[in-house]
Every structure is written in C-alpha cells, then in structure tokens.
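Naming convention: chains lettered A, B, ... in sequence-line order (proteins, then strands); numbering from 1 in each chain.
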Amino acid sequence: GDSVTQMEGPVTLSEEAFLTINCTYTATGYPSLFWYVQYPGEGLQLLLKATKADDKGSNKGFEATYRKETTSFHLEKGSVQVSDSAVYFCALSDWDSNYQLIWGAGTKLIIKP
Amino acid sequence: KAGVTQTPRYLIKTRGQQVTLSCSPISGHRSVSWYQQTPGQGLQFLFEYFSETQRNKGNFPGRFSGRQFSNSRSEMNVSTLELGDSALYLCASSVGQNPSTDTQYFGPGTRLTVL
C-alpha cells in the first residue's frame, strides 16, 4: 500500500538558516502530494501541494517539487524564522487510498533566535 | 469564509462512557473526513462522509461511528471508551466532487482524554 516517509526530528536551526525536510513516498498510482503544518495546540494547515510530476508548490517562502523519478517531495525554505517552529507533515492521496490522506510521521522544526 | 469548526475543543471522559464530537465544514463543502492523531500512531484516517453517506472507512473498530446531516455537518461517536482512545480528533472538509484533486481543510481538533 501507499506510504510516506519523512526525516525524523526534531530539526533545530538558527534563524535565517536554510531548511530542508525530506519526504519520500511509495504509491502505485499517480498521487497528489501535500505538506501540512501544525502549530502548537492547533489543527493542521495546508502549506502547499502538487498534483503532478515536476509541479512546484509554494507558499509563505516554502517550496517543494514533485519528483517522480526519485519519488520525493522535499520541503525547502531559504531563510527560516522563529515563527516557522511547528510540526510539518508530508502526505499523499491517490486512488489506492480512495483519495484519503496517507501521512508521514511528522517532523518537528525548532528555530532558535 | 469561515473555516472548519469543531466542538467541543476539549473533553474528559472515563472508561466505558461514550462521546460525540461535532464538526461544521466550510460553507459549500460536502465532504467531511475524520482523523485520529496520537503520539504513538500519528495521524490515522477514521472515515469520510459525502452527501450524508459514508464513502470511505479506515481500520478502526465498530465502536467508532459517524454520520452526516443534510447541511453537511458531521458527528463522530465513540462508544465504550478505552484509555487508548485518548487523542486529538481532527475533522477536515473538502468540496468532495473530485477527490483526486480536492484539498482537505482541517479544523482545530477536539482533544479527548479518557481517564
């Protein structure tokens, strides 16, 4: 079945550092890929998405490119801020999951001033 | 446009009791999905309702049930609560017409604690 693997956290960075959170997936079809963010004590917010190979999703300075050849959807940001501290979840949906979201374990990001 | 709302935000129950959680989707959205989030198991899909019908179901015991009303609001019920049911229960809504391209929007969750 479908699955999503994320790098383990926590990831600790200093403010203005470059961020990469790795995400790889296994899917039988052609999934849509998502990054969601969960701030402390809150629900999940969609950060960005991509629905086909080579698509780039972007939002709030974050970017991720759908790489079919490497089955990856790594999240990047050029300069992180303290306010980016949160848990980041990579997820996919496709016909094999009846289009319900299959989630990675989440990566906790801590940004120090 | 108002977001997804969930009530109550926090609940404390004891083992053996039952509980009902409520979710109001974004206006115009007809699909509501429920997820359980725990530190050990992460995020797991419970079920999805579309136009008052259960369209998808995850691998949870029959103690977990749900329904959807004609206004798309949804409720989730857990009977005979167990300690392991302590979790954050998240509701998500989407337009629902084209699942292959739909985006799910999440509410803040209901934190259930079972003592």
Side-chain angles (χ1 to χ4, degrees), chain A residues 1-10 21 23 25 27-53 55 57-59 64 66 73 86-108, chain B residues 2-10 21 23-26 29-50 53-60 66 87-111:
Chain A
D2 294 352
S3 67
V4 175
T5 303
Q6 283 181 244
M7 63 189 291
E8 289 193 23
I21 300 178
C23 171
Y25 67 89
T28 51
Y30 297 91
S32 293
L33 302 173
F34 305 83
W35 276 101
Y36 280 84
V37 58
Q38 188 173 36
Y39 297 100
E42 298 185 14
L44 292 153
Q45 298 177 25
L46 177 67
L47 185 57
L48 52 85
K49 71 174 188 177
T51 58
K52 60 182 188 298
D55 268 2
S58 61
N59 186 27
Y66 188 143
F73 193 55
V87 181
Y88 292 81
F89 292 90
C90 185
L92 69 80
S93 76
D94 76 351
W95 64 267
D96 196 44
S97 67
N98 285 323
Y99 297 107
Q100 290 309 310
L101 290 165
I102 304 297
W103 299 90
T107 302
K108 184 173 183 178
Chain B
V4 178
T5 58
Q6 292 185 246
T7 56
R9 292 292 310 277
Y10 302 91
L21 313 182
C23 172
S24 292
I26 292 171
H29 286 191
R30 291 165 61 192
S31 168
V32 173
S33 296
W34 288 89
Y35 295 85
Q36 181 195 65
Q37 185 178 25
T38 60
Q41 299 298 317
L43 280 153
Q44 294 183 286
F45 169 68
L46 281 154
F47 31 66
E48 181 219 3
Y49 286 85
F50 176 73
T53 301
Q54 187 179 85
R55 187 161 67 174
N56 285 304
K57 187 176 188 303
N59 295 324
F60 277 80
L88 180 67
Y89 290 88
L90 292 162
C91 162
S93 78
S94 64
V95 174
Q97 298 277 31
N98 192 351
S100 65
T101 57
D102 270 354
T103 296
Q104 295 187 30
Y105 296 91
F106 285 78
T110 294
R111 172 75 63 186

Taking 3.5 Å as the threshold, show me the donor-acceptor pairs across chain A and chain B, one per line with distances to 0.1 Å.
| residue | atom | partner | partner atom | Å |
| --- | --- | --- | --- | --- |
| A:Ser32 | OG | B:Ser100 | O | 3.4 |
| A:Tyr36 | OH | B:Gln104 | O | 2.7 |
| A:Gln38 | OE1 | B:Gln37 | NE2 | 3.0 |
| A:Gln38 | NE2 | B:Gln37 | OE1 | 3.0 |
| A:Lys49 | NZ | B:Thr101 | O | 3.4 |
| A:Lys49 | NZ | B:Thr103 | OG1 | 2.6 |
| A:Asn98 | O | B:Asn56 | ND2 | 3.3 |
| A:Asn98 | ND2 | B:Asn56 | OD1 | 3.1 |
| A:Gln100 | OE1 | B:Ser33 | OG | 3.1 |
| A:Gln100 | OE1 | B:Tyr35 | OH | 3.3 |
| A:Gln100 | OE1 | B:Gln104 | NE2 | 3.4 |
| A:Gln100 | NE2 | B:Glu48 | OE1 | 3.3 |
| A:Leu101 | N | B:Tyr35 | OH | 3.4 |

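Of the listed residues (A:Gly104, A:Gly41, A:Gly29, A:Gly43), the greatest number of heavy-atom pairs within a distance under 4.5 Å of chain B belongs to A:Gly43.
To the nearest 0.5 Å, the span separating CG on B:Leu90 from CG on A:Leu101 amounts to 11.5 Å.
Contact of A:Leu44 with chain B is made through backbone and side chain together, with heavy-atom distances under 4.5 Å.
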